[in-house]
Student: 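Just dropping this structure here.
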Amino acid sequence: MSRALIQAYYDAFNRVDLDKFCSLLAIDVIHDINQGHREIGQADFRAFMLEMFSYYDETIRDLIIF
């Protein structure tokens, strides 16, 4: 993974730009939900994030990428 890709991912997260956010993931992204089940695919991940954004107002700041 490149630094630019990681930065673009978190920038899209901070803007709640789900189109851009999900476009940076593999089509068959695997998401293991904490204390839950496994979901596979961008559509399921997008639905999960849309729900999370409705509960939380998060911003990633002071990110250091090594």
Student: Using the test side-chain contact (heavy atoms from CB on, under 4.5 Å), find all partners of I30 that sit at least two apart in sequence or belong to another chain.
Tutor: D32, R38, I40
Student: With ILVMFWY side chains joined below 4.5 Å, transitively, what does F66's cluster contain besides itself?
Tutor: I64
Student: Could I get the full list of side-chain contact (heavy atoms from CB on, under 4.5 Å) partners for N14, not counting sequence neighbours?
Tutor: T59, I60
Student: If hydrophobic clusters are built by linking Ile, Leu, Val, Met, Phe, Trp and Tyr wherever their side-chain heavy atoms come under 4.5 Å apart, do L50 and I27 end up in the same one?
Tutor: no
Student: Checking E39 now: which residues fulfil side-chain contact (heavy atoms from CB on, under 4.5 Å) with it, not counting sequence neighbours?
Tutor: H31, I33, H37, D44, F48
Student: Answer yes or no: does atom CZ of F13 have more than 12 heavy-atom neighbours from other residues, nucleotides or ligands under 6.0 Å?
Tutor: yes
Student: Please name all residues satisfying ring-ring contact (aromatic ring centres under 6.0 Å, His included) with Y9, sequence neighbours left out, ordered by chain then number.
Tutor: F21
Student: For the residue pair L25 and Q42, what are the closest heavy atoms and their distance?
Tutor: O-NE2, 2.8 Å
Student: Could you list the residues that satisfy side chain to side chain donor-acceptor pair (under 3.5 Å) with Q35, not counting sequence neighbours?
Tutor: none
Student: Not counting sequence neighbours, which residues clear side chain to side chain donor-acceptor pair (under 3.5 Å) with Y55? List them please.
Tutor: E51
Student: I'd like to check the salt bridge (charged side-chain N to carboxylate O under 4.0 Å, His left out) partners of D28; sequence neighbours left out, ordered by chain and number.
Tutor: none
Student: Under the rule for side-chain contact (heavy atoms from CB on, under 4.5 Å), what residues qualify as partners of R15, not counting sequence neighbours?
Tutor: D11, A12, D17, K20
Student: Are any of the side-chain heavy atoms of L18 and F53 separated by less than 4.5 Å?
Tutor: yes
Student: List in chain and number order the residues that pass salt bridge (charged side-chain N to carboxylate O under 4.0 Å, His left out) with D57, two or more places apart in sequence or in another chain; answer none if no residue qualifies.
Tutor: none
